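Have a look at the structure below before the remarks.
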Number of protein chains: 2
Amino acid sequence: MREAETGIHISLEVVCGKWKGLILWKLLHKDFVRFNELRRSIDGNISSRMLSRELTKLVEDGLVERLDHQQVPPRVEYKITTYGKTTAPFLNIMNQWGMKHKNLSVSKKEMADLMNSEAESNY
Amino acid sequence: MREAETGIHISLEVVCGKWKGLILWKLLHKDFVRFNELRRSIDGNISSRMLSRELTKLVEDGLVERLDHQQVPPRVEYKITTYGKTTAPFLNIMNQWGMKHKNLSVSKKEMADLMNSEAESNY
DNA sequence: CGGCATCCCGTCCGATACTG
DNA sequence: CAGTATCGGACGGGATGCCG
């Protein structure tokens, strides 16, 4: 716990990086997904190595549950925990924000300038 | 723009990393802050190098405005743009989430387990 | 005061290959 | 199918020092 942090820092530890957010996002909507199924469903072509690593962390942090049916060929399923589900609100908003400003990521400065010069929207 | 991304990825580009979120967070509540004033107000003892770097990026992306009063000694002020203000909703929620689960960051797995085993809260 | 330059390390992340 | 092993490049981020 150490010093007073803004909560934002805490949240970033959970969701930061290129993949964890996407993985949680998918698991929030899918419930019980197999490894490769999850892998294929994620945009951006994640490697099995990365998916494995990120899932391991998410399981360690209690956000995701791993279910290994002891089978050959292997059958492992992942499921978001109730704790993991608590991230839904801000993942939802992040997704909305991102979709809204998607076009900005093309030429950021210019479009942001344009937006700033327009009548202020109601935020 | 390239392929369809989940918005989450876009948002993460803006807020990810150790500092950008905190900086935006402070600027959302302060409006016109000088460099070192901002620096001191941020939890976690950010170095001037980092603050400078992150602010540069934020300015490039149109989220923050830089005002250099041409003075000696230097007087530079930073201000969040109207575009930058649109991040307020999810920064707020991220902060709330982080504050709520602050204790979890001590021993994550154990407390998450505990939480998961409790009656499901209403999310 | 508000930076930038340099060094240096750990982590992120992708590509490829391999295994039970 | 569900990973792990290995390599290597890119990036984040801390420490220190210097400058106008």
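Since the model is a prediction, treat every value here as computed from it, not as a measurement.
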Using a strict threshold of under 4.0 Å (side-chain N to carboxylate O), is an ion pair present between Glu37(A) and Arg39(A)? no
Using a cut-off of less than 4.0 Å, is there contact between a side-chain N or O of Arg40(A) and OP1 or OP2 of dA2(D)? no
Salt bridge flag under 4.0 Å for residues Lys57(B) and Glu60(B): no
Any donor-acceptor N/O pair, Lys20(B) side chain to Leu58(B) backbone, under 3.5 Å: no
Take Arg75(B) and Glu77(B) through the salt bridge (Lys or Arg N to Asp or Glu O under 4.0 Å) test and state the conclusion after the steps. CA-CA 7 Å; Arg75(B) 176 185 182 84; Glu77(B) 286 184 321; 3.3 Å; yes
Picking from dC1(D), dG3(C), dC12(C), which would you name as closest to the side chain of Arg53(A)? dC12(C)
Just by distance, do the side chain of Ser11(A) and the backbone of Gly7(A) share a donor-acceptor pair under 3.5 Å? yes
Rounded distance in Å - CG (Leu38(B)) to P (dG3(C)): 10 Å
Tell me whether the side-chain N/O atoms of Arg34(A) come closer than 4.0 Å to OP1 or OP2 in dA2(D). yes
To the nearest Å, give me how far apart CZ (Phe35(A)) and C1' (dG3(D)) are. 6 Å
Please determine whether a side-chain nitrogen or oxygen atom of Tyr78(B) lies at a distance below 4.0 Å from atom OP1 or OP2 of dG3(C). yes
In whole angstroms, how far is the P atom of dC4(C) from the CZ atom of Arg66(B)? 8 Å
To the nearest Å, how far apart are Glu77(B) CD and dG3(C) P? 12 Å
Which residue lies more 5' along DNA chain D, comparing Glu54(B) with Glu37(A) via nearest heavy atoms: Glu37(A)
Considering every strand and a 4.0 Å limit on heavy-atom distances, what is the contact class for Lys57(A): base, sugar-phosphate, or nothing? sugar-phosphate
Going 5' to 3' through nucleotides 14-20 of chain D and flagging B where a protein heavy-atom sits under 4.0 Å of the base, S where only the sugar-phosphate is that close, and - otherwise, we get BB----B
Using whole Å, what does the distance between atom C1' of nucleotide dC12(C) and atom CG of Leu51(A) come to? 15 Å
Would you check if the side chain of Thr81(A) reaches a backbone N or O of Gly62(A) as a donor-acceptor pair within less than 3.5 Å? yes
Nucleotide dC1(D), atom C1' - distance to CG of Leu67(A) in whole Å: 16 Å
Whole-Å distance, Ile23(A) CD1 to dG3(D) C1', equals 14 Å
Output the rounded distance in Å from CG (Leu55(B)) to C1' (dG13(D)). 15 Å
Thr86(A) and Trp97(B): side-chain donor and acceptor closer than 3.5 Å? yes
